[in-house]
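Have a look at the structure below, then the notes.
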Protein chains: 2
Amino acid sequence: MISQAEENYLKAIFKISEKEAKAATTNAIAAEMQTTAASVTDMLKRLAEKNLIDYEKYRGVQLTPEGNKLATALIRKHRLWEVLLVEKLGFAWDEVHELAEQLEHVQGNGLVDRLDEFLGHPKFDPHGDPIPDAEGRWSFRQQVLLGTLKVGDHAVVTGVDDHSAAFLQYLDQMHLALGAQLELLERFPYDQSLRIRTGNGQEIVLSEKVGQNLYVKISWEADRDFGKRIMSPAFLMAQLFHRDVQRRGGKRFAPLQLGK
Amino acid sequence: MISQAEENYLKAIFKISEKEAKAATTNAIAAEMQTTAASVTDMLKRLAEKNLIDYEKYRGVQLTPEGNKLATALIRKHRLWEVLLVEKLGFAWDEVHELAEQLEHVQGNGLVDRLDEFLGHPKFDPHGDPIPDAEGRWSFRQQVLLGTLKVGDHAVVTGVDDHSAAFLQYLDQMHLALGAQLELLERFPYDQSLRIRTGNGQEIVLSEKVGQNLYVKISWEADRDFGKRIMSPAFLMAQLFHRDVQRRGGKRFAPLQLGK
DNA sequence: AATAATTTTTAGATTTGCCTAAAAATATAA
DNA sequence: TTATATTTTTAGGCAAATCTAAAAATTATT
Ligand SMILES: [Mn+2]
Ligand SMILES: [Mn+2]
Ligand SMILES: [Mn+2]
Ligand SMILES: [Mn+2]
């Protein structure tokens with residue numbers, strides 16, 4: 001049996017290890033969990049006792065295969081619930097994280113699979129994050145930060161790095177939700193701010209910070225029809241991802257290489 | 001803030017008070033919660049401290065208006081989740097209780113209302129139990145135990161008293177799910193067992209125990225078409241309940257009078 | 001290499017929720 | 001009404017998960 005607290009720690013460790021290839025430190029986990037280093041040390045002992053992490057005093061931790069499997073399953077559940085909340089219950093993408101944080105801990109035979117089935121086996125959650133399949137395999141995509149585009153590039157919004165409600169609401173206001181089309185018109189050298197044209201033809205300026213928190217996929221085929229044909233976000237997303245390959249679960253894939 | 005354990009105790013007290021009009025005893029709560037009397041006493045002190053129950057040593061407990069409201073909301077959540085699990089995710093009615101037992105504790109603004117909306121404001125859960133509305137009002141129905149029918153009565157299955165998986169599965173096997181039609185053909189005086197005809201024309205014999213755990217609604221109009229016209233369970237249930245009145249929340253309604 | 005700064009662990013408490021065993025109160029029976 | 005049985009509470013303890021403060025280990029800096 002594994003407690004909710006233990007599950008949350010596993011997920012935190014997974015997320016840290018995902019970004020930085022090295023072992024997760026006590027402090028990093030404490031920051032992610034919004035708790036104290038002392039509490040983390042306590043928990044690390046428990047998780048090591050259960051063989052969910054490899055833990056050496058003062059050396060940080062790594063998930064064992066067992067721990068990785070549990071963390072992956074937890075993320076799968078979290079993101080599937082998020083899809084349900086947005087697609088079926090009508091929540092906005094900035095409202096669902098806290099709910100999914102609770103729902104992910106619901107245990108029950110067949111629940112996840114039925115959820116997955118009901119939702120049509122989605123590969124990405126409402127924030128564009130990949131949903132591992134039942135065997136723990138991840139979909140991934142060729143996405144880059146908006147800030148790395150070259151002037152003249154056309155692209156489609158595919159995800160966010162900052163998941164805060166404030167950022168998501170800002171994107172909604174700018175008409176930059178998932179699937180939104182855009183073209184980079186200009187980069188101001190002074191502060192690296194970006195002038196773009198959005199799908200509806202409007203021109204707006206975005207700060208460097210936005211450029212570093214918004215993932216996009218560069219589109220070549222689409223640019224000819226840009227602004228003329230109206231395509232639904234769902235259609236666009238499907239177009240963008242239909243060629244995406246899959247990697248085996250277990251071995252974590254390398255952090256996305258940003259830029260060229 | 002209220003913990004999951006506290007919520008579960010409130011629900012247990014509510015359920016006990018629902019059946020017996022008097023104060024819920026420590027032992028009754030312990031039985032319902034499958035724990036010890038000592039643990040219950042501990043918790044009663046905490047709930048009384050939070051003004052969720054009226055508690056006098058050795059005198060049992062009653063929910064305060066505040067406690068009643070919380071318990072009602074919890075039951076609403078539990079039963080709405082059960083509807084989702086059965087109607088949307090495809091679970092059988094004997095599989096959903098444990099899941100709903102966890103899901104009922106998920107907290108979040110607007111979750112219950114959106115769930116209710118998505119499900120089409122159901123008035124009864126997959127076991128035929130009423131779902132209080134957002135204001136805490138209960139639907140109720142004119143149902144009696146199968147065992148109290150007179151020979152010759154026609155009826156429709158509307159609910160169960162025993163919610164165990166074993167009983168629910170048995171009912172499935174006998175084609176006595178919610179909405180199933182039946183006619184009481186004979187009562188054997190020897191052991192009070194019942195011979196009935198089910199919707200598909202088959203005759204079966206049910207034990208006295210079944211008769212005391214299955215709720216039905218006597219039907220007059222329907223008997224003419226019995227066995228000829230095929231009606232969906234959903235249609236039948238709707239027909240049966242469309243005239244049901246509602247009672248105000250807060251004051252608990254009297255336990256159902258069985259028999260005449 | 002020694003000192004300073006930082007990180008991590010330990011020590012000791014606290015809260016929640018549960019347990020068993022014993023004591024106290026209440027209800028039932030003789 | 002006294003004795004007996006039952007119910008309920010108290011006492012004492014335990015495990016999970018958290019905290020603060022202090023000690024120990026590691027890392028960075030002179
Ligand atoms: Mn969580
Ligand atoms: Mn997400
Ligand atoms: Mn529960
Ligand atoms: Mn139910």
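Computed from a predicted structure; not experimentally measured.
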Q: Mind calculating the distance between CD (A:Glu7) and C1' (D:dA16) to the nearest angstrom?
A: 15 Å
**Q.** Separation of atom CE in B:Met1 from atom P in C:dT16, rounded to whole Å
**A.** 13 Å
Q | Close side-chain approach of B:Leu178 to B:His127, heavy-atom, < 4.5 Å | A | no
(Q) Does D:dT18 have its OP1 or OP2 closer than 4.0 Å to a side-chain nitrogen or oxygen of A:Tyr9? (A) yes
Q | Nearest-angstrom distance from the residue atom CG of B:Asn8 to C1' of C:dT16 | A | 14 Å
Q) From C:dC19, C:dG17, C:dT9, pick the nucleotide closest to the side chain of B:Thr35? A) C:dC19
Q | Atom pair distance, as rounded to whole Å: CE in A:Met33 and P in C:dT8 | A | 16 Å
Q. Does a donor on one side chain sit under 3.5 Å from an acceptor on the other, for B:Gln212 and B:Gln192?
A. no
Q | Interatomic distance where CD1 belongs to B:Ile2 and P belongs to C:dT16 [whole Å] | A | 13 Å
Q.
Rounded to whole Å, how long is the line connecting atom CD of B:Glu49 with atom C1' of C:dT16?
A. 15 Å
Q | Selection from D:dT18, D:dT26, D:dT10 that lies nearest to any side-chain heavy atom of B:Lys57 | A | D:dT10
Q) Okay, side chain of A:Arg46, backbone of A:Glu6: is any donor-acceptor separation there less than 3.5 Å? A) no
Q: Counting heavy atoms from C-beta on, name the nucleotide in C:dT9, C:dC18, D:dT18 closest to the side chain of A:Tyr55.
A: C:dT9
Q: Under the side chain to side chain contact (heavy atoms under 4.5 Å, CB included) rule, what do A:Arg187 and A:Leu194 come out as? Steps first, then yes or no, please.
A: CA-CA 5 Å; A:Arg187 172 181 286 106; A:Leu194 307 165; 3.7 Å; yes
Q. Taking the nucleotide of DNA chain D with the closest heavy atom to each, which residue, A:Met43 or A:Arg59, is nearer the 5' end?
A. A:Met43
(Q) Check A:Asp54 with A:Arg59, please: is the shortest side-chain N to carboxylate O separation under 4.0 Å? (A) no
Q: Could you please name the option among C:dT8, D:dT18, C:dA24 that lies closest to any side-chain atom of B:Tyr58?
A: C:dA24
Q) Rounded to whole angstroms, how far apart are CD on A:Glu56 and C1' on D:dT26? A) 14 Å
Q. Of the nucleotides C:dA25, D:dT18, D:dT10, which has the atom closest to the B:Thr41 side chain?
A. D:dT10
Q: Ignoring the backbone of A:Ala38, work out which of D:dT20, C:dG17, C:dT8 is nearest its side chain.
A: D:dT20
Q: Choose from D:dT8, C:dC19, C:dT8 the nucleotide whose nearest atom is closest to any side-chain atom of B:Ala37.
A: D:dT8
Q | N or O in side chain of A:Lys45 less than 4.0 angstrom from C:dT9 OP1/OP2 | A | no
Q.
For B:Glu104, run the side-chain hydrogen bond (donor to acceptor under 3.5 Å, both in side chains) check against B:Arg79, B:Lys77, B:Arg76, B:His78 and tell me which one passes.
A. B:His78
Q) When you check the phosphate oxygens OP1 and OP2 of D:dA16, does a side-chain N or O of A:Arg46 lie under 4.0 Å from one of them? A) no
Q: Determine yes or no for a side-chain-to-main-chain donor-acceptor pair under 3.5 angstrom, with B:Asp129 supplying the side chain and B:Asp125 the backbone.
A: no
Q | Gap between atoms NZ and P, on A:Lys50 and D:dA15 respectively (whole Å) | A | 14 Å
Pairs under 3.5 Å (N/O, protein and nucleotides 3-5 of chain D):
none

Q) For A:Thr36 and B:Val40, take the nucleotide of DNA chain D holding the closest heavy atom to each; which residue's nucleotide lies nearer the 5' end? A) B:Val40
Q: Examine A:Arg141 relative to A:Tyr215 and say whether NZ or CZ is less than 6.0 Å from the centre of the six-membered ring and inside a 45° cone about the ring axis.
A: no
Q) Across the strands shown, which category fits A:Asn27 at heavy-atom distances under 4.0 angstrom: base, sugar-phosphate, nothing? A) sugar-phosphate
Q: Please state whether the phosphate of D:dA17, meaning OP1 or OP2, lies under 4.0 angstrom from any side-chain nitrogen or oxygen of A:Ser3.
A: yes
Q: Tell me which nucleotide among C:dT7, C:dC19, D:dT10 gets nearest to the side chain of B:Ser39.
A: C:dC19
